[in-house]
Protein chains: 2
Amino acid sequence: MNHYAHSTRLLVAIDCIIFGFDGEELKLLLIKRRFEPEKGKWSLMGGFVNEEEDLEVGAERILHELTGLHNIYVEQLQTFGKVDRDPVERTLSVVFFALINIHNHDEESVKSHSACWISLKQMPKLIFDHEKMVQIALERLRYKAALHPIGFELLPQQFTIPQLQKLYEAIYDLKLDRRNFSRKILSTGLLLDTGEKNVNSATKKAVLYRLNKEKYESNFNNFWYFMPVTT
Amino acid sequence: MNHYAHSTRLLVAIDCIIFGFDGEELKLLLIKRRFEPEKGKWSLMGGFVNEEEDLEVGAERILHELTGLHNIYVEQLQTFGKVDRDPVERTLSVVFFALINIHNHDEESVKSHSACWISLKQMPKLIFDHEKMVQIALERLRYKAALHPIGFELLPQQFTIPQLQKLYEAIYDLKLDRRNFSRKILSTGLLLDTGEKNVNSATKKAVLYRLNKEKYESNFNNFWYFMPVTT
DNA sequence: CTATTATTGTGTTGTTTTGACACATTTATA
DNA sequence: TATAAATGTGTCAAAACAACACAATAATAG
């Protein structure tokens, strides 16, 4: 009667690609793997799916274990399932990507996992197919950030337009025109002037904005076209 | 030594959402499930992942089994993993969606699976979480077709601009302005005039075009903005 | 054989958006 | 007090767009 009985059961892992932005560069939170095979090598943070745990819950568990954070931006990327992607035993990996404010995580748990923020431009070799995962995550981030306001997930609560522009320039690895960028961003109505100014600046202090959460949430799935087609 | 040993192995299925277009409506190829539980109920075509089979290969196997087709447009949608999504045993489902020319499939194998093309507007109740899968696939199709020329995958080799417009109107369930649509589509350079005309039309015969495959392939990942923001 | 009707192809126009660029303002430092 | 670096605002021509008008084609009805 049980049509399922003779089918193969597979190990299923969850791996998390965690993006952060330090004001200059786009970075990934990577760990040094703590068990064989490939012990000591650079890797994405991951873990196996628990028996009684939904995939999203598993991703949040793993993200919390490393960063100490809850309620962060997480999105399922895709599932990697090449037969030989793990040398020990066939293992599927359901990959999630997360965007966090790079200053918000728990330093203790990051340290205890031998984790580091590493610039995308200085990526070390990663285990298994994790480099491919990162490549596809970066493509997804670039795709999504061009059309939806996810960039804000990488910034602090208050930020200036020049900071936002630097973020976009880091994501796409290009230079944008300051004046056109400002005009486009302000026209979205997503930014609320806080009245305050950025005291850190060495020259003219830029206005600090915060996200219009209402508009952000209700119109998230709109197409915004943040990036110019040329330039 | 083996860190993997104590983790749970899970059943992994592949389910396929197969879109087609009959000239008027967007349709799905659905089957009547042939085993318990939910035997006889409407379902997506699916199957379990074989031990020595990559996920994409499994998807192609399942699509071929139902349609007799190879080399069709397939894309991984996402993986569904709620603990209780299958009442028999926890089963992950890696979901793919496919776009095919509705007239190109093997009628025999479709019949032998008790499969039917069913309009999205007359969708029956589906088993498990398959309705959610369809909903998310439709969202992805709408998203993608607005930005990339995937609509052509649903049309015959030769087609008219009015046919293409009807396809877009079916995907988005709205009416488009004929003249603006034509201008936008022709300006992409994706259409090649075959010199022939559609003989089926009862009135003025429309020009038959074919896809500029070179441009389609090399510029597929461009943003095209096929859909107007308003209207 | 002509008028009618449905459909297709092309053109126009005013408005909005865009990309490229100029100029003025602010603030720390020389 | 001058300088330099960064920020804020403005201009303008070109391109893109939505809304709409009109002409051409072909089956069919009278």
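This is a predicted model, so every value here is computed, not measured. Just so it is clear: chains get the letters A, B, ... in the order the sequence lines come, proteins before strands, and each one is counted from 1.
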[X] has an atom [atom1]; how far is it from atom [atom2] of [N], in whole Å?
X       : N       : atom1 : atom2 : value
D177(B) : dC22(D) : CG    : P     : 16 Å
D193(A) : dT7(D)  : CG    : P     : 15 Å
F159(B) : dT8(C)  : CZ    : P     : 15 Å
L176(B) : dC17(D) : CG    : P     : 14 Å
Q165(B) : dT8(C)  : CD    : P     : 9 Å
K175(A) : dG19(C) : NZ    : P     : 18 Å
M227(A) : dT18(C) : CE    : P     : 13 Å
F181(B) : dT10(C) : CZ    : C1'   : 17 Å

Exercise. When the aromatic ring centroids of H148(A) and Y73(A) are compared, is their separation below 6.0 Å?
Worked result: no
Problem set entry | side-chain contact (heavy atoms from CB on, under 4.5 Å) involving D54(B) - partner list, sequence neighbours excluded | K82(A), V83(A), E56(B), V57(B)
Seminar exercise, completed: By side-chain contact (heavy atoms from CB on, under 4.5 Å), Q163(A) pairs with (sequence neighbours left out) F159(A), T160(A), N198(A)
Seminar exercise, completed: Contacts of E25(B) meeting salt bridge (charged side-chain N to carboxylate O under 4.0 Å, His left out) (sequence neighbours excluded), chain-then-number -> none
Problem set entry | Contacts of K121(B) that satisfy salt bridge (charged side-chain N to carboxylate O under 4.0 Å, His left out) - sequence neighbours left out | D173(B)
Exercise. Which residue pairs satisfy the ring pair (Phe, Tyr, Trp, His ring centres under 6.0 Å) criterion with at least one member in residues 107-139 of chain B, sequence neighbours excluded?
Worked result: H105(B)-W117(B)
Exercise. Any luck finding a side-chain donor-acceptor pair between Q135(B) and E131(B) under 3.5 Å?
Worked result: no
Hey, could you give me each pair passing salt bridge (charged side-chain N to carboxylate O under 4.0 Å, His left out) that has a residue in [range]? Not counting sequence neighbours.
range                       : value
residues 92-112 of chain A  : none
residues 135-148 of chain A : E75(A)-R140(A), E75(A)-K144(A)
residues 190-205 of chain B : none
residues 148-161 of chain A : none

For this session: Just compare dG10(D), dC17(D), dT18(C) and give me whichever is closest to any side-chain atom of K184(B).
Result: dC17(D)
Exercise. Among the nucleotides dG9(C), dC21(C), dA18(D), which one has an atom lying closest to any side-chain atom of N180(B)?
Worked result: dA18(D)
Exercise. Would L191(B) and I185(B) count as a side-chain contact (heavy atoms from CB on, under 4.5 Å) if you check the C-alpha gap in whole Å, the side-chain angles of each, and the deciding distance to 0.1 Å?
Worked result: CA-CA 8 Å; L191(B) 266 50; I185(B) 290 294; 3.4 Å; yes
For this session: Rounded to 10°, tell me the angle between the two end axes of the helix from dC1(C)-dG30(D) to dA30(C)-dT1(D), each built from five pairs.
Result: 10°
Exercise. Does a distance-only test, which skips hydrogens and angles, find a donor-acceptor pair under 3.5 Å between the side chain of R178(A) and the base of dG8(D)?
Worked result: yes
Exercise. Hey, does the side-chain of R183(A) have a donor or acceptor N/O within less than 3.5 Å of a partner on the base of dG8(D)?
Worked result: no
Problem set entry | DNA chain D-proximal residues of residues 196-209 of chain B, any heavy atom under 4.0 Å | A202(B), T203(B), K204(B), K205(B)
Collect all protein-nucleotide pairs involving nucleotides 28-30 of chain D in which both atoms are nitrogen or oxygen and the distance is under 3.5 Å.
none

